[in-house]
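Report on the following structure.
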Amino acid sequence: MKYWLVKTEPESYSIDDLVRDRKTEWTAVRNYQARNFLKEMAIGDLVLFYHSNAEPTGVVGIAEVSRTAQPDPTQFDSKSEYFDPKATKDAPRWFCPTLKFIEKFKGVIVLDKLRTINGLEGMILLKKGSRLSVQPVSAGEYRILLKLATLT
DNA sequence: GCCAACGTTGGC
DNA sequence: GCCAACGTTGGC
């Protein structure tokens, strides 16, 4: 089993939206590296849920992969802002797994806090200039995050 | 709202 | 295949 982190702007889709929906198709990712990670996700993988461009910004909960990546329907929808004219049904470009709600942390593990924790310095999230919105997390990093969540 | 750091596009 | 120009991300 693998561990991941996905970023989302809570104004567009927050952990509370996931609480309400219980599960959601993780659509609209339009970056090739992020897409490749989405395609690697397997059922049962655990996903840290991160709020970017938020107050406060940080990790807010956990989701689980409940369906592997399927063609992202928004790429075929000419009315969608995520429409991709170069994508075809035979050769889709973009994919979305389904994520289901597991847990909302009592508090936010804020970005500044993460930067101070021994063992997290290798996280892609913390690398200067990193914008990758879907990224792998090591088992050790995940364990540290869970511990922090219980302390928050 | 600013802007640094990235990623993508397209002319050559 | 290079790289300038442009668009986007995301912390602050």
Side-chain angles (χ1 to χ4, degrees), chain A residues 2-21 23-41 45-65 69-99 101-138 140-142 144-149 151-152:
Chain A
K2 290 186 176 170
Y3 303 93
W4 307 93
L5 179 146
V6 297
K7 295 181 188 172
T8 177
E9 300 197 13
E11 280 203 22
S12 57
Y13 198 86
S14 73
I15 187 77
D16 290 321
D17 293 323
L18 188 61
V19 168
R20 178 196 66 212
D21 298 341
K23 62 179 184 178
T24 190
E25 290 188 296
W26 206 249
T27 59
V29 171
R30 292 293 181 270
N31 168 283
Y32 288 104
Q33 201 180 353
R35 177 204 65 184
N36 293 342
F37 286 134
L38 288 178
K39 289 173 81 170
E40 276 186 44
M41 288 184 177
D45 284 1
L46 292 168
V47 182
L48 295 165
F49 206 86
Y50 178 88
H51 280 175
S52 61
N53 271 318
E55 186 49 54
T57 145
V59 179
V60 293
I62 306 169
E64 180 182 323
V65 177
Q70 310 293 318
D72 177 344
T74 63
Q75 73 193 303
F76 306 124
D77 177 2
S78 58
K79 294 189 201 70
S80 167
E81 68 172 300
Y82 298 106
F83 176 64
D84 183 344
K86 292 185 180 153
T88 65
K89 301 258 181 182
D90 286 340
R93 274 192 170 188
W94 308 110
F95 292 82
C96 58
T98 299
L99 303 183
F101 174 73
I102 295 291
E103 181 182 350
K104 177 183 174 181
F105 297 153
K106 291 203 171 59
V108 180
I109 309 175
V110 300
L111 185 57
D112 280 350
K113 175 75 176 176
L114 295 178
R115 294 190 195 283
T116 69
I117 306 295
N118 282 337
L120 296 186
E121 47 286 302
M123 285 188 78
I124 296 166
L125 180 72
L126 303 183
K127 296 259 192 300
K128 189 181 175 199
S130 172
R131 309 190 318 195
L132 191 59
S133 64
V134 179
Q135 52 186 266
V137 171
S138 75
E141 290 160 351
Y142 184 83
I144 292 171
L145 262 296
L146 276 202
K147 182 121 185 238
L148 288 171
L151 302 174
T152 302

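Worth saying up front: this structure is predicted, and the values here are computed from it rather than measured.
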query: If you look only at pairs with a residue in residues 23-33 of chain A, which of them pass as a salt bridge (charged side-chain N to carboxylate O under 4.0 Å, His left out), with sequence neighbours excluded?
result: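 Applying salt bridge (charged side-chain N to carboxylate O under 4.0 Å, His left out) to every pair that reaches into residues 23-33 of chain A, excluding sequence neighbours, yields A/Arg30-A/Asp72.
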- request: Give me the first and last nucleotide of DNA chain B, going 5' to 3', that has any atom under 4.0 Å from a heavy atom of chain A.
  value: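 First-to-last contact on DNA chain B, by the 4.0 Å heavy-atom rule, is B/dA5 to B/dT8.
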field: Residues which pass side chain to side chain contact (heavy atoms under 4.5 Å, CB included) with A/Asn31, listed by chain and number, not counting sequence neighbours
entry: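 Scan of A/Asn31 (side chain to side chain contact (heavy atoms under 4.5 Å, CB included), adjacent residues dropped) gives A/Gln33, A/Ala34, A/Leu132.
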- prompt: Nearest nucleotide by nearest heavy atom, which residue falls closer to the 5' end of DNA chain B, A/Lys86 or A/Asn53?
  reply: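 Its nearest nucleotide lies further toward 5', so the answer is A/Asn53.
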query: Under 3.5 Å, is there a donor-acceptor pair between the side chain of A/Glu64 and the main chain of A/Ile102?
result: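 No, A/Glu64 side chain to A/Ile102 backbone: no donor-acceptor pair under 3.5 Å.
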task: Give the C-alpha distance, both sets of side-chain angles, the deciding distance and a yes or no for side-chain contact (heavy atoms from CB on, under 4.5 Å) between A/Ile117 and A/Lys147.
output: CA-CA 11 Å; A/Ile117 306 295; A/Lys147 182 121 185 238; over 6 Å; no
message: Using the side-chain hydrogen bond (donor to acceptor under 3.5 Å, both in side chains) criterion, which residues pair with A/Gln70? Sequence neighbours excluded.
response: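 Applying side-chain hydrogen bond (donor to acceptor under 3.5 Å, both in side chains) to A/Gln70 gives none.
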message: I'd like to check the side-chain hydrogen bond (donor to acceptor under 3.5 Å, both in side chains) partners of A/Glu9; sequence neighbours left out, ordered by chain and number.
response: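 Partners of A/Glu9 under the side-chain hydrogen bond (donor to acceptor under 3.5 Å, both in side chains) test: A/Asn53.
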message: Quick one, A/Leu120 and A/Leu145 - any side-chain contact, counting heavy atoms below 4.5 Å?
response: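 The answer is yes; the side chains approach within 4.5 Å.
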message: I need the residues from residues 114-130 of chain A with at least one non-hydrogen atom less than 4.0 Å from DNA chain B; give them sorted by number, or say none.
response: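 When residues 114-130 of chain A is checked for heavy atoms under 4.0 Å from DNA chain B, the hits, listed by number, are A/Lys128, A/Gly129.
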query: With A/Trp26, which of A/Phe49, A/Trp4, A/Phe37 fulfils ring-ring contact (aromatic ring centres under 6.0 Å, His included)?
result: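 Output: one option passes, namely A/Phe49.
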